[in-house]
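Heads up, the thing below is written out as structure tokens.
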Amino acid sequence: MSGTETAPTRVAIVTGASRGIGKAIALRLAREGRHVVLVARSAAPLNDLKSQIEASGGKASALAVDIGDGKAWAAAIEQVADEHKRLDILVNNAGITRDNLVLRMSDEEWADVINVNLTSAFVGIRAAARPMMRGKFGRIVNIASTSGLVGNAGQANYAAAKSALLGLSKTIARELGGKGITCNVVAPGYIETDMTANLPQEIKDKLLGMLAVKRLGIADDIAAAVSYVTSDEAAYLTGQTICVDGGMTMC
Ligand code: NAP
């Protein structure tokens, strides 16, 4: 780059950006100068967040899409890459839970969680890989969970999907590492969001007892890790799982 050229604005897609962890990641990446494409199913909170980012001088666009619909999700990524002529960062964050003990878990509860939490990451990576390869740069982050590392009763579907993200990420890291593309996992522990709002106080107290850092996590704790992993300087970090869990698992 010559002395007069400015660095290009990196384009980042963040799924599940309408609330919780995804919203914190989107705000953080926007603050750091990325153009953030906000993805979730419901348009209204995405439009609100886009306005919030723009009001503080950042760049964002809102894209309402169900990532569980593979065709629509892949088409949305292609549309972003065409529009911006680049795609630099993909954060596969959106996730759902359909908890049940394995004896009671329905095929639908299993399939929905695998589809939204795992298959969507594969579909997203496959669609994002080509534009990233064209740009000779890419940062892919899959948001897993400590449930995927150590298991969690009542979450056979969720833990299986999250655990599979580790194998997926390591494989993508190996396949695309030579093209300037990294792929890592950030695995949150217990983070206070809508997803965990209904946990009984008794369980929250038990969790607290398992933590080295004596507080529950907040979405910004995860955003800070994603910020580093998606930065230009994290070029030598790939195929890794970073557990941001207050020292709960240390695995
Ligand atoms: P959350 O508050 O429930 O938010 C989930 C987000 O995903 C929302 O923006 C939701 O928006 C979006 N989403 C859900 N299904 C979607 C679909 N089919 N298509 C597009 N967007 C969809 O969850 P969170 O707590 O922030 O969790 C974010 C990620 O961290 C998830 O992958 C979760 O598994 C993981 N995690 C969370 C914790 C925790 O303690 N909170 C711990 C470990 C891992 P719409 O409903 O509008 O689509």
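Just follow the structure's listing: the first ligand is 1, and inside any ligand the first atom is 1.
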Check: For atom 8 (C) of ligand 1, which protein heavy atom lies nearest, and how many Å away is it?
Finding: S18 OG, 3.5 Å

Check: Could an N or O of ligand 1 be found under 3.5 Å from any N or O of R41, whether backbone or side chain?
Finding: yes

Check: Judging by distance only, is a nitrogen or oxygen of N93 under 3.5 angstrom from one on ligand 1?
Finding: yes

Notebook entry, point to check: By number and element, which atoms of ligand 1 are closer than 4.0 Å to a non-hydrogen atom of G16?
Noted result: 6 (C), 7 (O), 8 (C), 9 (O), 12 (C)

Next item on the list: Could you tell me which non-hydrogen atom of R86 sits nearest to which non-hydrogen atom of R10, and how far apart they are?
Entry: NH2-NH1, 3.3 Å

Next item on the list: Determine, step by step, whether R28 and E32 satisfy the salt bridge (Lys or Arg N to Asp or Glu O under 4.0 Å) criterion, reporting the C-alpha distance in whole Å, the side-chain angles of both residues, the deciding distance to 0.1 Å, and the verdict.
Entry: CA-CA 6 Å; R28 172 103 191 204; E32 291 168 352; 2.8 Å; yes

Next item on the list: For atom 5 (C) of ligand 1, state which one of G95, G20, A187, S42 supplies the nearest heavy atom.
Entry: G95

Checklist line | Identity of the nearest option to atom 20 (C) of ligand 1, non-hydrogen atoms only, from D69, V65, V39 | finding: V65

Checklist line | Numbering as shown, the atoms of ligand 1 that approach T196 to under 4.0 Å (heavy-atom distance) | finding: 39 (C), 40 (O), 41 (N)

Checklist line | Short N or O distance, A40 and ligand 1, threshold 3.5 Å exclusive | finding: no

Check: Can you check whether K162 has an N/O within less than 3.5 Å of an N/O in ligand 1?
Finding: yes

Notebook entry, point to check: Which atoms of ligand 1 sit under 4.0 Å from any heavy atom of D66?
Noted result: 17 (C), 18 (N), 19 (N)

Notebook entry, point to check: Quick check: does G22 get an N/O under 3.5 Å from an N/O on ligand 1?
Noted result: no

Checklist line | I96, any N or O under 3.5 Å of ligand 1 N or O | finding: no

Item checked: atom 24 (P) of ligand 1 - nearest protein heavy atom and its distance -> T193 OG1, 3.6 Å

